[in-house]
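Basis for what follows: all heavy atoms, side chains included, without hydrogens, waters or symmetry-related copies.
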Amino acid sequence: MDHFRLLSQASTEQEHKKNPQGICRGRLYIRTVIDCAYPPISATLEDLFDRVEKRGEKMFFSQKQLKEKFNDQVVYRLLKCPCDQCVEARGASVPAHLRDDVRKKHAWLLFPVMVYLGKLHFVYSWLSAIEPANVNNETRSHAPVHRDQIANWETLIPHEIERLLFPSAYERVLRMFNPFVFQLSGDNDPVRTNDLVPYARFPYDAEKTLVETQSVKVIYFEVPAEYVHQSVRNRMLLYPSSIKDCVVDGKPIYRFVRKALKLSASNDRAEPHVLSLVSQMKKEVTENIITLLALYTWRRHIHYVFPFVESDLHLVLREGHYNDDIPSSALPLPDQWLWDQMIGVTRALKAIHFGFRNPFPEDPGRLITFHFDLRPKNILVTEDRKLKITDFGQSVMRIVDEGEALSDQFTSGDMKYYAPEAWENVHELGKMLRDPQGHLRQKEVLLNYDVWSLACIMLEVLIFLLEDRSAALERFDEKRKAEQYVISFFGTENVKQCVLDKISSLLQRFTNLKPVKDDIHDAYLHRVCTLLVDMFTYKKDERIYSSEVLNRLVDAGVEYQAAREKEGSRLRTTILTKALDNVDNGSFKEIGWRDTDDNTLSFLDM
């Protein structure tokens, strides 16, 4: 109804000419203002009235479009409005300085704001209260000032009820014309929590709920470029699929996702602290962790804002995402981008476990962090094929003293990727950690808990890469489920036999695929498979930690590259020796590579 009533106040040029004293010129521009509103409204939409009503609390205005509409010529025309109210407010003639004041004070936004409020005659009092020093260098205008800065503003509103309502109406309208814009303070600065007023407005468009539970809601949304701070734009370059071109004007539209969690459910969560600490770490460490862009509380919810990433590792492994970019299984494992990114995930997990700086300088203890919900769906895959650990909703942080066990109480996660110690009794796998009264029991686990989950994921990735993609995973799932305890990778007292059999078969299968035995790759794969068995250690006290996992993967990679380089040097030496031995009789012919320009590059030159 508010939208309809506002439109009903709009006037035409003909009406204004007939009654210039009685009809304010501001009414000629009501539709102009409304046309600059988001979300846009089309007359062709079904259920038009309901849609307009629903957008009431989410509507905001494009300052970019408004500035184009309210140019100097329009502003000057409004300043000269001949209606009785405007003449009484400024005098019979327009003071010469007013037009310059609007430009110097960057105050053009006053006009669409007052047009929307139906108070164009207020601009004269408001202009006098704005100081040029308040003007910033941004293209956006912040010129409409707080009403308390306007001397005797109450005298402008003779009716008591309207006078009492105006302050709240004015504050809310200002938010519509200046919606909340989140920004990052620096590359290694923490993301601070903003506490926003209940009537805050956001430049969010095309909102769509992706996930919803009793306490959590995950929402996709888009933001026009004009309301994306430069610091956020720079960070979004790491997520190319999160930026798309507008079909109307070709300008970029930035795509985000926000996780809204009830404050009552977030009080004991480590998630905001973990994500804030991640933002302070070096880029090379956090390359495989999702980027937190904003954190704010609003209407009894805490909101986390991230770049929108369409795919995840589950979709790659199970649904065929990016399969065209997965090379042949005959390609050596170190040359596979997905495996290289899994090493990056391992590096990120080590940083999560051990890399956060203790925020209390006076405390000599070490800060450790558990993820507790590592699984393929919580590892995003960006368009440029980067894996990003996400969803720290189950994470736990703790400061431990020197010599103290790296342990804490288990929270929850995906049962498929649970480590054996997460269960009170593996002989009753279907029962959660609850006492007879239904209360969650405290279960102590070590920081190597996440290593088991990582081992499960790594095995699935290896099966996917070295065998026939998702079909191989489905066959493995059937074998895993056929053994006792359908869900997990472990049985009563050890890792499931099908898991160990699969690790053993991967090495043999890859060896058999090669027409010529590749000892260097076989050695690398053997080290990986041996590492995987150690990660699947059933007893938590004997399982390795993420730091050792990363070190062994890096060492295996270094040894592999060194062997490949040595192999290349040996090939060159062999060819050169044969060339020298046959230089006189001319019987030696060398094989080389021919490029697209039909030039031949010999192995000797290589």
Side-chain angles (χ1 to χ4, degrees), residues 38-39 47 50-51 53-60 175-176 179-182 191-224 227-228 232 236 239 241-242 244 253-276 278-279 289-315 371-382 388-396 411-415:
Y38 281 92
D47 304 320
D50 291 338
R51 287 174 179 263
E53 283 289 284
K54 287 179 180 178
R55 84 164 187 167
E57 286 195 352
K58 296 184 176 181
M59 189 170 72
F60 66 95
R175 304 281 174 170
M176 296 165 65
F180 171 68
V181 175
F182 49 85
V191 176
R192 306 292 184 186
T193 303
N194 287 284
D195 298 317
L196 305 181
V197 294
Y199 51 86
R201 289 294 172 108
F202 305 90
Y204 300 165
D205 192 19
E207 290 185 298
K208 180 172 65 175
T209 299
L210 304 177
V211 177
E212 186 169 10
T213 66
Q214 287 186 339
S215 59
V216 179
K217 198 179 214 182
V218 179
I219 306 163
Y220 166 87
F221 65 98
E222 299 175 357
V223 178
Y227 288 121
V228 179
V232 176
M236 290 287 281
Y239 299 84
S241 65
S242 298
K244 70 175 186 178
I253 293 177
Y254 292 80
R255 307 198 295 168
F256 303 92
V257 65
R258 72 180 185 275
K259 178 180 179 180
L261 179 69
K262 288 182 179 178
L263 284 173
S264 58
S266 68
N267 292 336
D268 58 347
R269 290 199 175 210
E271 186 170 18
H273 309 295
V274 173
L275 291 167
S276 182
V278 167
S279 66
I289 304 177
I290 191 64
T291 303
L292 177 68
L293 298 172
L295 183 62
Y296 61 87
T297 59
W298 180 66
R299 293 188 178 179
R300 293 177 293 181
H301 284 74
I302 185 167
H303 297 254
Y304 309 83
V305 178
F306 307 98
F308 173 67
V309 180
E310 290 183 272
S311 190
D312 59 49
L313 187 56
H314 172 82
L315 294 174
H371 188 281
F372 277 146
D373 197 15
L374 204 60
R375 52 185 168 131
K377 286 187 177 181
N378 285 342
I379 300 177
L380 303 177
V381 183
T382 66
K388 306 275 186 180
I389 297 177
T390 187
D391 197 347
F392 292 84
Q394 303 298 334
S395 60
V396 171
T411 55
S412 186
D414 189 311
M415 289 186 290

Please report the closest heavy-atom contact between V309 and S242, naming both atoms and the distance.
N-OG, 4.5 Å
Taking the side chain as everything from C-beta on, heavy atoms only, tell me whether I290 gets closer than 4.5 Å to Y304.
no
Report yes if the distance between the aromatic ring centroids of F202 and Y296 is under 6.0 Å, otherwise no.
yes
Hey, does T297 have a side-chain heavy atom less than 4.5 Å from the side chain of T193?
yes
Would you mind reporting whether K259 and D391 have side-chain heavy atoms less than 4.5 Å apart?
yes
Between L315 and V381, is any pair of side-chain heavy atoms under 4.5 Å apart?
no
Closest non-hydrogen contact found for I302 with P272 is CD1-CB, 4.3 Å
With a 4.5 Å heavy-atom cut-off, do D312 and N378 have their side chains touching?
no
Minimal non-hydrogen separation, E207 against F221, with atom names:
CG-CB, 3.7 Å
Mind checking whether F182 and F180 have parallel, tilted or perpendicular rings, split at 30° and 60°?
tilted
Nearest-0.5 Å distance, CD of residue E57 to CE of residue M176
11.0 Å
Minimum-distance pair of heavy atoms, taken over all atoms of P39 and K58
CD-O, 4.4 Å
Measure the spacing between CZ of R258 and CG of L210 and express it to the nearest 0.5 Å.
10.5 Å
Do the side chains of R175 and V197 get nearer than 4.5 Å, heavy atoms only?
yes
For S276, what residues pass the side-chain hydrogen bond (donor to acceptor under 3.5 Å, both in side chains) criterion, not counting sequence neighbours?
none
Going through the distances and angles, do V211 and V216 end up as a side-chain contact (heavy atoms from CB on, under 4.5 Å)?
CA-CA 8 Å; V211 177; V216 179; 5.9 Å; no
Would you say D373's side chain and S412's backbone share a donor-acceptor pair under 3.5 angstrom?
no
Without swapping roles, check the side chain of H371 against the backbone of T390 for a donor-acceptor pair under 3.5 Å.
yes
Looking only at heavy atoms, the pair that brings T382 and Y239 closest together is CG2-CD2, 3.9 Å
With sequence neighbours excluded, what pairs up with K244 under the salt bridge (charged side-chain N to carboxylate O under 4.0 Å, His left out) test?
E222
Describe, in one word, how the ring planes of H303 and H301 are oriented to each other, choosing from parallel (under 30°), tilted (30 to 60°) and perpendicular (over 60°).
tilted
Report the residues that fulfil side-chain hydrogen bond (donor to acceptor under 3.5 Å, both in side chains) with Q214, sequence neighbours left out, ordered by chain and then residue number.
none
Counting heavy atoms not belonging to R192, are there more than 12 under 6.0 Å from its CZ?
no
Are any side-chain N or O atoms of R201 and backbone N or O atoms of M59, one a donor and one an acceptor, separated by less than 3.5 Å?
yes
Taking the side chain as every heavy atom from C-beta outward, state whether F306 and L275 have any atom pair closer than 4.5 Å.
yes
Which of Y227, Y254, Y38 passes side-chain contact (heavy atoms from CB on, under 4.5 Å) with P203? Answer is Y227
Minimal non-hydrogen separation, F392 against E271, with atom names:
O-CB, 3.4 Å
